[in-house]
Amino acid sequence: MPEGHTIHRLAREHNAILRGRALRLSSPQGRFASDAAALDGRVLDRVRPYGKHLFYEYGDDVVHVHLGIYGKFETHAAPAPPPRGAVRLRMATNEHTVDLRGPTVCERIRPEERDAVLARLGPDPLDPKADRERFARSCARRATPIGTVLLDQSAIAGVGNVYRAEALYVLGIAPQRPANTLGPGEVDALWDTLARMMRTGVRLNRIVTTLPEDRDRRRGRPSDADRHYLWRRTDLPCRRCGEPIRTEVLGARHMYWCPVCQPA
DNA sequence: GCAAAATGTCAAG
DNA sequence: TTGACCTTTTGCA
């Protein structure tokens with residue numbers, strides 16, 4: 001399940017195994033069948049990730065994928081197993097088969113439409129060319145709670161519910177604070193913290209927001225309890241002050257925060 | 001065996 | 001602000 005790190009990681013994997021190949025495209029579930037047939041056999045030029053969006057470019061045809069909250073990709077080495085569940089799109093070479101299930105968006109679009117999607121999105125912390133000043137300006141302009149702004153993909157692209165809670169906690173910023181009350185230092189630190197967490201997510205292929213010194217080193221990979229500071233951990237006290245972690249719906253999603261370490 | 005929740009977004013009211 | 005949508009997993013009987 002995807003925040004921006006999943007998307008960038010998938011783009012890297014799919015570029016490695018699919019790019020430059022003539023792909024066999026199909027839609028075992030049927031909902032993308034005519035578009036899959038229209039593109040079957042075409043050469044995939046590249047996969048482009050941005051925020052939570054993926055673009056598979058075949059000349060002037062682009063397949064736009066947004067995983068939403070449920071969507072998932074699965075890669076199989078040959079021989080491909082029969083489709084499991086509702087496979088919206090299957091992309092195959094002789095060596096690999098990639099299955100897509102449950103996306104919010106899987107559509108064939110033109111390059112202009114792709115550009116229109118990109119134009120709506122804010123800077124992506126995982127994009128090396130990202131302009132963090134655009135994010136700073138969005139914050140300065142808005143009296144909306146910073147916890148809501150972080151989920152607004154036109155303010156900053158790729159951040160989701162886990163990263164927003166964890167980054168605000170690390171920096172001691174209350175999610176309810178109006179974005180325009182954050183100082184320039186806080187906005188900068190927020191960008192840097194999110195970028196650091198999301199790069200770790202790409203590398204490990206899962207969300208790990210805790211710093212190594214805050215984890216149990218004896219384990220090879222972080223346990224679930226060690227991966228986050230407080231997201232969905234209302235069963236545990238705050239790791240810094242012992243206060244119960246609080247949760248509340250903010251920006252249509254559950255926000256988690258410590259009322260002591262993140263004072264309003 | 002079934003309800004509820006899940007790392008998301010949009011349109012309707 | 002609420003409900004709809006996409007699918008799988010988890011938790012409780």
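Proteins get letters first, then strands, A, B, ... in listed order; numbering begins at 1 in each.
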What's the CG-P distance between A:L100 and C:dT7, to the nearest Å? 10 Å
Can you measure A:L150 atom CG to B:dT9 atom P for me and round it to whole angstrom units? 13 Å
Please give, in whole Å, the distance from B:dC10 P to A:D152 CG? 10 Å
Could you tell me whether A:R164 contacts a base, only the sugar-phosphate backbone, or nothing, with contacts defined as non-hydrogen atoms closer than 4.0 Å? nothing
Is any side-chain heavy atom of A:I156 less than 4.5 Å from a side-chain heavy atom of A:V149? no
Phosphate contact (B:dT9 OP1 or OP2) by A:Q153 side-chain N/O below 4.0 Å: yes
Please report the distance separating the P of B:dG13 from the corresponding atom of C:dC5, rounded so that it comes out in whole Å. 13 Å
In whole Å, measure the gap between the C1' atoms of B:dT7 and C:dT1 for me. 23 Å
Using OP1 and OP2 only, check whether a side-chain N or O of A:R31 sits under 4.0 Å from C:dC6. yes
OP1 or OP2 of C:dC6 less than 4.0 angstrom from a side-chain nitrogen or oxygen of A:R101, does that happen here? no
Base, sugar-phosphate, or nothing for A:Q29, non-hydrogen atoms under 4.0 angstrom? sugar-phosphate
Whole-Å gap separating C1' (B:dT7) and CZ (A:R206): 13 Å
Would you tabulate the nitrogen or oxygen pairs shorter than 3.5 Å linking the protein to nucleotides 3-5 of chain B?
none

Electrostatic pair A:R101:A:E74 at N-O distance under 4.0 angstrom: yes
Do A:R215 and A:D226 sit within salt-bridge range, that is, some charged N less than 4.0 Å from a carboxylate O? no
P atoms of C:dA13 and B:dA5, separation to the nearest Å: 14 Å
Nearest-Å distance for atom pair CH2/C1', residues A:W231 and B:dG8: 13 Å
Charged N to carboxylate O under 4.0 angstrom, A:D99 versus A:R88? no
May I ask you to verify if any side-chain N or O of A:R120 is less than 4.0 angstrom from the OP1 or OP2 atom of B:dC10? yes
P spacing across the pair B:dG1 / C:dC6, given as an integer number of angstrom: 24 Å
Ionic contact status for A:D61 with A:R42, cut-off 4.0 Å: yes
What's the spacing between A:H53 NE2 and A:F55 CZ if we round to 0.5 Å? 6.0 Å
Strictly below 4.0 Å: does A:K52 bring a side-chain N or O up to OP1 or OP2 of B:dT9? yes
Should the pair A:R240 and A:Y169 be classed as cation-pi, given the thresholds of under 6.0 Å to the six-membered ring centre and 45° from the axis? yes
For A:H254 and B:dA6, what is the distance between atoms NE2 and C1' respectively, to the nearest whole Å? 10 Å
Rounding to a whole Å, what distance do you find between A:H228:NE2 and B:dT7:C1'? 8 Å
For a quick test of reading the model: is some side-chain N or O of A:H66 closer than 4.0 Å to OP1 or OP2 of B:dT9? yes
Let me know the distance between CD of A:E74 and C1' of C:dT9, rounded to the nearest Å. 14 Å
Would you call A:R177 and A:E186 a salt bridge, taking side-chain N to carboxylate O under 4.0 Å as the test? yes
